[in-house]
Amino acid sequence: QVQLVESGGGLVQAGGSLRLSCAASGRTFSRYAMGWFRQVSGKEREFVADISASGGTTGYINSVKGRFTISRDNAKNTVYLQMNTLKPEDTAVYYCATHRGPYATGSIQGFVSWGQGTQVTVSS
């Protein structure tokens with residue numbers, strides 16, 4: 001059973017940056033796509049970005065394109081989300097997740113295991 005542990009969240013002013021990390025264990029990390037999602041209390045969990053098993057294909061929700069970058073280090077079993085030019089509307093709990101296959105589809109479909117989440121708060 002895979003375990004995912006996110007870290008790197010915190011409080012930052014608008015325009016600032018954060019880098020989230022997600023360490024995976026218990027599964028062959030390099031075989032599966034990974035994703036980042038976010039959720040605001042009372043709203044549905046929202047897709048943010050995904051990356052294929054090899055790291056060669058990435059996808060983003062439109063609102064973060066050009067500001068966020070997803071990457072992975074298969075030797076370290078870790079996926080990252082670099083977040084730049086943060087906005088108050090980026091405030092949410094951020095979750096990483098592992099997909100059932102090597103490619104994801106830009107949505108929540110197919111993601112099978114989730115971390116506990118890390119809070120990101122962007123002040124205006």
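We count residues from 1, following the sequence as given. Only heavy atoms go into these numbers, but all of them, side chains included; no hydrogens, no water, no symmetry mates.
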Keeping the roles fixed (side chain from E6, backbone from C96), state whether a donor-acceptor pair exists under 3.5 Å. yes
List in chain and number order the residues that pass salt bridge (charged side-chain N to carboxylate O under 4.0 Å, His left out) with E89, two or more places apart in sequence or in another chain; answer none if no residue qualifies. none
With R72, which residues qualify under salt bridge (charged side-chain N to carboxylate O under 4.0 Å, His left out), at least two apart? none
Evaluate the side-chain contact (heavy atoms from CB on, under 4.5 Å) criterion for residues V79 and F29: first the C-alpha distance (whole Å), next the side-chain angles of each, then the deciding distance (0.1 Å), finally the verdict. CA-CA 10 Å; V79 62; F29 180 79; 4.3 Å; yes
More than 12 heavy atoms of other residues, nucleotides or ligands under 6.0 Å from CD of Q3: is that the case? no
Hey, could you give me the CG/CD distance between L86 and Q13, rounded to the nearest 0.5 Å? 11.5 Å
First locate atom CG of L81, then atom CZ of F37, and finally report the distance between them rounded to the nearest 0.5 Å. 11.5 Å
Distance in Å, R38 CZ paired with S63 OG, rounded so as to fall on 0.5 Å steps: 4.5 Å
How many angstroms lie between CZ in F68 and CG in L20, if you round to the nearest 0.5 Å? 8.0 Å
Using the side-chain contact (heavy atoms from CB on, under 4.5 Å) rule, take H99 and D50 through it: C-alpha gap first, then chi angles, then the decisive distance, then the call. CA-CA 9 Å; H99 200 268; D50 60 28; over 6 Å; no
Test item: F111 and R45 side chains (from C-beta on) under 4.5 Å apart, heavy atoms: no
To the nearest 0.5 Å, what is the distance between CD1 on I70 and CD on Q82? 12.5 Å
Of all residues at least two apart in sequence or in a different chain, which pass the side chain to side chain donor-acceptor pair (under 3.5 Å) check with T121? Q119
Option passing side-chain contact (heavy atoms from CB on, under 4.5 Å) with V122 (candidates T91, L11, L18): T91
Looking only at atom types and distance, does a side-chain atom of N77 sit under 3.5 Å from a main-chain N or O of A23, one as donor and one as acceptor? no
When rounded to the nearest 0.5 angstrom, what distance separates OG in S71 from CE in M34? 11.5 Å
Any V112 side-chain heavy atom under 4.5 Å of Y32 side chain: no
Step by step, work out the side-chain contact (heavy atoms from CB on, under 4.5 Å) result for R67 and M83. CA-CA 6 Å; R67 300 188 298 122; M83 305 186 294; over 6 Å; no
